[in-house]
Number of protein chains: 2
Amino acid sequence: MKAEHDARGDTRRKILDLAETLLLSRGFNAFSYQHISAGLGVRNAAIHYHFARKTDLGVALIERYRRRFARFIAAQAGLTPAEQLERYFTLTDSYFQRQQICPSGILSAELQTLPPEMQQAGGLFVAEMRAWAVDIVARGQADGSMQYAGSAAGMGALMFASMQGALQLARFDEAAIASVKRQLRQLLGLAAEADNTNNSNNTATTHEESQQ
Amino acid sequence: MKAEHDARGDTRRKILDLAETLLLSRGFNAFSYQHISAGLGVRNAAIHYHFARKTDLGVALIERYRRRFARFIAAQAGLTPAEQLERYFTLTDSYFQRQQICPSGILSAELQTLPPEMQQAGGLFVAEMRAWAVDIVARGQADGSMQYAGSAAGMGALMFASMQGALQLARFDEAAIASVKRQLRQLLGLAAEADNTNNSNNTATTHEESQQ
DNA sequence: GCGACTCTACTTACCGGTCAGTAAGGTGTC
DNA sequence: GACACCTTACTGACCGGTAAGTAGAGTCGC
């Protein structure tokens, strides 16, 4: 009766999940189909069955990120700007704990060696992330909960860039993320958080997708 | 009388120079000895003669950066913190113009795939860069020329992280660097610069080394 | 002032391993 | 029997790295 009927699309999802881990920890150029096939106990050609070229896999990963990020944003529509900021910080922490960097970081670092399709999809993803960062500080400024010099566009760009940078630099100095987060709160005129915003289930970023 | 006596050590320097360009534009994993040998018109084995393993080449590149950065700092010992900040910004611009990202960015992004020797050398380099950033804002705060919330350590870390991030994100959106620079000046309480701090010769970063 | 030797800086010609990608065949399910 | 989902078996390109040979310039004894 076959305990594992391997619900259709299961392997494809496993490939994406493992490829995502590899992408964020090693980069696109530094993982191979062999890494994936060895990790999943299937053959090289099985990966090619689902993703004919590595480019297809890369694009699928980025598109999945974009959908996930859209849901991440939508899921916290009701929160205050300050709360949304903390969610953003929590997301960054969860990358760090897995020894990963954020997708935008690896995509921009490797950009010139990536296939054009991935460059294009990456551009859209990065624009969406920056827009969200700008939106948070713009609303925070508008409702008076955040005060800072300069423009919302500048502050959002700074926030996005500094968190991406901090996540990378944390590989050398693990204090980098906490240090940058603390400084950003100060510059936004926010009370310093306990820095353990431990709502015990921060599942927002790890949800799996049923989608192909 | 041999027009080209190829002053001893010349090839070695050419290898380092081309490898540096490749490292900052493509990353360490995405360039090969073939790229270098083809670019210089020599054979693969000639590169191995000077740098037996790719790891040796990578470490040599980082060590050269560290020496260059030390001279970069020393050369502007007399300047005010604000002037030093602008030099830092100019350095970032010059990377962007060459379609490169900063060494610390590529090293941290690829860190987990780099040989241990490079990880170690990279760690020292990154620590030196961050220390310099902290030093600038600490002295700026001390002499009253910069005012900002939070600590000098936090502000320096933020500055370093955000410039590294901005340089990467500029590959998708070229306005990122100017935007982040402008915001940093605002947050430091500095008057907005003309943003073309064009002292026509900003050679500080491009100086060649005679050293091996 | 010249042959013998040494050293640097390469060259040619390889090596085994890994890469992404392909062709053809098998197997279980509807 | 059509189809989804694999497998086995392979290809050519490229990877970092190595062994052996060589051209030329400098150095030495004599």
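What you see below is based on every heavy atom in this structure, not just the backbone, and it leaves out hydrogens, waters and symmetry mates. Every chain is numbered from 1 and lettered A, B, ... according to where its sequence line falls, protein lines coming before strand lines. Worth saying up front: this structure is predicted, and the values here are computed from it rather than measured.
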d(CZ, B/R53; P, D/dC15) in whole Å: 18 Å
Rounded to whole Å, the NE2-C1' distance (B/H48 to C/dC14) equals 13 Å
Report which part of the nucleic acid B/F51 touches: base, sugar-phosphate, or nothing (heavy-atom distance under 4.0 Å, all strands). nothing
How are the rings of A/F72 and A/W132 set to each other: parallel, tilted or perpendicular (split at 30° and 60°)? perpendicular
Going by an N to O cut-off under 4.0 Å, is there a salt bridge joining A/D56 and A/R53? no
Indicate whether OP1 or OP2 belonging to C/dC10 is found under 4.0 Å from a side-chain N or O atom of B/H50. yes
OP1 or OP2 of D/dC6 under 4.0 Å from side-chain N/O of A/R43: no
Between D/dC6 atom C1' and A/L40 atom CG, what is the distance in whole Å? 13 Å
Tell me: CG of A/N29 to P of C/dT18, nearest whole Å? 18 Å
Using whole Å, what does the distance between atom P of nucleotide C/dT18 and atom NE2 of A/H35 come to? 10 Å
Relative to the 5' end of DNA chain D, which residue comes earlier, B/A52 or A/G41, by the nucleotide with the nearest heavy atom? A/G41
Residue B/Y33, side-chain heavy atoms: nucleotide from D/dC15, D/dG17, C/dC19 that is nearest: D/dG17
Main-chain N/O of B/L61 paired to B/E20 side chain as donor or acceptor, under 3.5 Å: no
Taking atom types as modelled, is there a side-chain donor on B/E117 or B/T55 under 3.5 Å from an acceptor on the other? no
Taking only side-chain N and O atoms of B/R12, does any of them lie within less than 4.0 angstrom of OP1 or OP2 on C/dA9? no
Pick the closest DNA chain D nucleotide for B/F31 and for A/A46 by heavy atoms, then say which residue is nearer the 5' end. A/A46
Would you mind reading off the distance between A/N44 atom CG and C/dG21 atom P, rounded to a whole angstrom? 10 Å
Of all the choices, D/dG16, C/dG21, C/dT22, which nucleotide is nearest to the side chain of A/A45 once you look at every atom? C/dT22
Between A/T11 and D/dC6, is there a contact of a side-chain N or O with OP1 or OP2 at under 4.0 Å? yes
What is the distance, to the nearest angstrom, from the CZ atom on A/R13 to the P atom on D/dC6? 13 Å
Across the strands shown, which category fits A/Y49 at heavy-atom distances under 4.0 angstrom: base, sugar-phosphate, nothing? base
Whole-Å distance separating the NZ atom of B/K54 from the P atom of D/dG16: 5 Å
Compare side-chain N and O positions of B/S32 against OP1 and OP2 of D/dC14 and report whether any pair is under 4.0 Å apart. no
Please check if any side-chain donor atom of B/S162 sits under 3.5 Å from a side-chain acceptor atom of B/Q183, or the reverse. no
